[in-house]
Structure formats: structure tokens, C-alpha cells
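One structure below.
As the structure is a prediction and not an experimental result, all values here were calculated from the model. Lettering follows sequence order; numbering is per chain, from 1.
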Protein chains: 2
Amino acid sequence: MKLYGGIEAGGTKFRCAVATSPNSAPVAKLEVPTTTPDETLGKVIGFFKEHDLKALGIASFGPIDLRRESPTYGYITDTPKEVWRNTDLAGLFERTFGVPTAFDTDVNASALAEARYGAAQGLSHVIYITVGTGIGGGALVNGEILHGLVHPEMGHLPVPRHPRDAYRGYCTFHGDCLEGMACGPAIEARWKRPASDLPIDHEAWEIEVYYLARGICAMVYAFSPQRVICGGGLMNQKKLFPLIRRQVVEMLHGYVQDESIIHHIDEFIVEPGLGNRSGVVGSLELGRRAEADTAVSWQDSNPVNSHSR
Amino acid sequence: MKLYGGIEAGGTKFRCAVATSPNSAPVAKLEVPTTTPDETLGKVIGFFKEHDLKALGIASFGPIDLRRESPTYGYITDTPKEVWRNTDLAGLFERTFGVPTAFDTDVNASALAEARYGAAQGLSHVIYITVGTGIGGGALVNGEILHGLVHPEMGHLPVPRHPRDAYRGYCTFHGDCLEGMACGPAIEARWKRPASDLPIDHEAWEIEVYYLARGICAMVYAFSPQRVICGGGLMNQKKLFPLIRRQVVEMLHGYVQDESIIHHIDEFIVEPGLGNRSGVVGSLELGRRAEADTAVSWQDSNPVNSHSR
């Protein structure tokens, strides 16, 4: 039986799956650490060669090139992970397997998966952010994945500094952008111990919540999303959710007069409905859409890559 | 001959026009100050009654209600301008003239007008910001006007504080958000004289450019637009453009690797192609689309109001 293949290409590990449909239990799975392109991609290709693929979706860490007309379409571009710079992902898999292959950011794929199968079903304006070793954000706007000139880079939104925070920031590009102040390594650098060692009543979390709330407010003012889904390793600390929600409501200060925010913030800022599977399910869904681009529903009539320029 | 009617409903004045097509010279125009709804809307209705309308577009200051299913669809909602709170605009004109009537934010309409007739022709991902007595931003994403839960409120993006700026901010909701720090009244309050009295080498402009550049960077990271158009009274000070461009490039710090930003920033951050007519042309274009929602081009097949929820 022909299967959909999906790759969540992360900075720490690659998670691969083959499945009959994006949200069904995978027929097979593989996790390999992200080391060098040769080593990691070799194992990934080996895995998929054991299966009969009908389409493949790749949800990648970035920055990536999504411009169909670009000579480096399908590449990871200027990532801080040097050995992965200028790595052709989509082209490699397309040539190797000869099946319809879709390519997008991990967070865009997660937003898509959550809107189709998870915590944002039926919604057309959705933000997915991941908070972990980095911070990233993907968006669905009018039911379509957002690209634009390149793709969103919401981890790098400028944020006001917490009044008691003198940390200079972890981002090699911007210092004190959202990612620079609130990613896992920033917490560790600021407090000289891993985030996982900091008790929930530690000041670290007040500062973390401050930055994440400001980032989410920026997304609310920019996109006016119907829901914001927060995933990633740091968000496994579930106690952060009520703190973030309270701070977002305080910060918006009644300006956005909508029931979803004023009375239902618990349903506005939420955990991923797919748990840590959003990225993999998203990659399978990208594969499904790459295959189904002749279908007629509103979702399928706009294949993900048709708006990349 | 039947004409399109357009209303740019601004906080200072209402600008109205009737025209055979959105970007042709208007057959007739009216400007009335924004006083009370009774007085201002009475004059506007009087003006349009002298013409034979086929459709009407309204591009309004906000916040406004764009949710088609809402009992207050078409209303100005919680504006700081108290006498205009909860004013039904779209319903009033629809009932009075009985023609297809479209309703959107002034800045969304301006983004639409610039993409169709102005400085962003042929582009699908466009930001229009206005900097004047307030700051607002509209967006075209995948060629469609952005609504979402409510509509974008980019004037209220959180921004980092300029290191030498102790001004507490003008925004009654947030204090030191983008609008709070960079709108015309904020400049006047910070320096105790009107912005127009401050020479271009005054420190005021360095601080102004700092905030506007950070706001634009936030929009770039959120939307990845192909072009950012800056209009509004303050931007008539053309010397601000090169300063803003330079600061945006510095702030992005090479992170967004695209020719448009690295080599063509002059074409990335631009003046409105329609000058101060973006809003009025946008309102006429909204009217044209309200009438033409059976047409077949990509722009017409997605009438503006079909994505408001």
C-alpha cells in the first residue's frame, strides 16, 4: 500500500513517519539526531526506502527558501547551524523518491496540522509558536499557510525589556529579540542553570512569561488570530499557560474587544491538540496536500506552495 | 450614469468621492470634518444622494466590527472618540442607499488600493501603515485583506524603548506601544511643541525613526511582506524614509536574506503610490468589489468580507 511520508526536520532531531493518513497511527517511525547532513539524511532516506511512498512532506527548521522560482528553492539557507547551511532538502527527496514533495517551515506545518486535526479545527486564522531551544512561529491566514517574501520569523520579534532584566540576550543576530530573551538557552544563560532546574516560583518564570506574553500580544495585534497554540519543550511546563494568559489579557488592556479574549482566554491561548506530534502530522499533511492538489475543497484548492512569492 | 461611492472615514475628516472607476478622477468629492455622527453622516448622506450609486465602500477608522454574523457588524466599536462609539456605519449606508456596501478599516483599504493601483501593484503580501495622529496598519496576505478575529491593530505593537527616551507614552490603552511612542501627539507631548516645528536634525526624529523602524521590523518578522508602504501626515516628511530604511536594515542584522531587503530597501519601504488618495481609492475599490463579487479574477473571487470570521 502506498503511504504518505513526513519529515519533521528539527535542529536537534529528525522525526520521520509513514502513514495512510496524516493523523492516523504511523505505519512506521524513525527518530535520528541532527548531526551532519550526510549522516542524518542518509538515515532518513534509508528509512523511507523501506516503504512505498505516494507523497512526501518536509517540515523544516529554518530559515528556508520557499520561493518556487528560486535556484535554492527547498534549501535550508542561513541557519546558525553551520553544517546545515545551504542544504538542499526538498530537491534531494524529490530526486530520490520521485513523488510529489512539499516543503515548509516546521511551525507553519504545525499550524496547519493543528487547524486540520488538532486544537484549531475549523479556524482560518491560527498562530502556532514553539518555545524551546529556539522560538518560532507559523501562521494560517484565511486558511492558508503564510509565506510572503520569505516566511514568518516570529521568534525574532522585537520586545520591550523586562524592567528588572539586564540580560543582554542570546540571539546572535539581534541580542534581545523574543528568542534572544525567552528561548531555553537564554533562560539557562541568564540564571546559570537549565530551565528545567528552576522551580515554578523562581523569578525566572515571571520574566519568561513577560516576554512570551509580549510576543503573543505582538502576534495578536499583527494578525488578529482566532487562536494561539503554544508548543515546544518549554511549554511542557503547563503551569506557564495560566500565567501567560493572565499577562496577555492585562497587556492588551481591553483594547481587543472580543469574547475570545475577554471571556475565553483559556480557549484562545492553548496547548497543541496534537501534543508533540504537530510537526510530524503537519509534514504528513503537507505530503497529502502535495498529492491532492487537484482536489476541490477550499483547503486543497490552494496548495501550500502556490503563494510563496 | 451609475457611479461607485467611496468614504474614507477618518478621525479628523470624512473624505467622500463618486467615480466611474476607483482610480479615475472622481466625478465629485466632499470633505467634511469628523464632528458628531449626526452632523458628519448627515452631510455625507446628502452628498451621495446627489448621485446615482451602484455600490459603496467604506474605509473607516477603528476599531470596527467586521464579523458578518455579529449584531454590530459594520459598527465603529470602542474608539477613544467617545461620540463615535457604537456607531453603525455600514448598516446606515446600506439601508439608506440599498446598494452593495463594503466595509473595512481605512488601512486595509489603503493596502488594497496600493496593491491594485499604487506602489505595490502585482504583489500579494503588502503592509500599509499610516503615521499621523494615530498609527495603524493594514495588510494584504495572499492577495486578500487580512481580518482574523477582529482586524490588525498594528499601531499597538509592543516596542522596545529607546535608551534615551523617558516619555511614558501617549496611548490611553498601553502607554508605550508603537502608537503611544511615535504618533504625532506623542512627539508633541514629548518635546512640548508640534512635530511640524521640529527641524529634521532634532533628536526627536532619531527617536521617531527608532520606533517606526522597530514597528516595521516587527511587521517584517510577523508577515514577511514583499513591500511596506508608509503613509499618513508624518510621513510627508520625506527625509524620514532614508533614515527608517537604514535603521530597519541595521536592526534586521542580515537575518532576512532576501534581495529586496539587502539590496533594494529603497523599493521595500516606500511612499504610497497614490499619495494621500490611498484611503479614498481603497474605499472606491471596496465598493467595486462589493458590486463585482461574481467576477472571476483572483482578486474578485475572494470578496473582502467573506473572510471576516
Go through it in stages, so that I can follow the logic: the residues are His156(A) and Val256(B), the test is side chain to side chain contact (heavy atoms under 4.5 Å, CB included), and I'd like the CA-CA distance, side-chain angles, deciding distance and then a yes or no. CA-CA 10 Å; His156(A) 298 275; Val256(B) 180; over 6 Å; no
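- With rounding to the nearest 0.5 angstrom, the SG atom of Cys177(B) is 11.0 Å from the CG atom of Leu252(A).
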Evaluate the criterion side chain to side chain contact (heavy atoms under 4.5 Å, CB included) for residue pair Leu149(A) and Phe223(B); output intermediate values, then yes/no. CA-CA 8 Å; Leu149(A) 186 67; Phe223(B) 288 105; over 6 Å; no
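- Enclosure of atom OH in Tyr170(A) is not indicated, since only 12 or fewer non-hydrogen atoms of other residues, nucleotides or ligands lie within 6.0 angstrom.
- No more than 12 heavy-atom neighbours from other residues, nucleotides or ligands sit within 6.0 angstrom of CZ on Arg168(A).
- Looking at heavy atoms from C-beta onward, Pro158(A) lies in side-chain contact with Met251(B) at the 4.5 angstrom threshold.
- Summarising the geometry, atom CD belonging to Glu144(A) is positioned 6.0 Å from atom CD belonging to Glu144(B); distances are rounded to the nearest 0.5 Å.
- Here Cys171(B) contributes atom SG and His253(A) contributes atom NE2; the two are 9.0 Å apart, rounded to the nearest 0.5 Å.
- The aromatic ring centres of Tyr221(A) and His174(B) sit less than 6.0 Å apart.
- Both the backbone and the side chain of Leu157(A) come within less than 4.5 Å of a heavy atom in chain B.
- Rounding to the nearest 0.5 Å places CD of Gln257(A) at 7.5 Å from OG1 of Thr77(B).
- Once rounded to the nearest 0.5 Å, the distance linking CD of Glu153(A) with SG of Cys217(B) reads 13.0 Å.
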Hey, mind stepping through Asn142(A) and Val141(B) against side chain to side chain contact (heavy atoms under 4.5 Å, CB included) and telling me if it holds? CA-CA 9 Å; Asn142(A) 284 331; Val141(B) 174; 5.8 Å; no
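- With rounding to the nearest 0.5 Å, the separation of OG in Ser224(B) from CE in Met154(A) is 10.0 Å.
- Heavy-atom distances place the side chain of Ser260(A), and not its backbone, under 4.5 Å from chain B.
- Heavy atoms of Ile261(A) lying under 4.5 Å from chain B belong exclusively to its side chain.
- With a threshold of 4.5 angstrom between heavy atoms, Pro225(A) approaches chain B through N, CA, C or O but not through any side-chain atom.
- In this structure, no portion of Met219(B) lies under 4.5 Å from any heavy atom of chain A.
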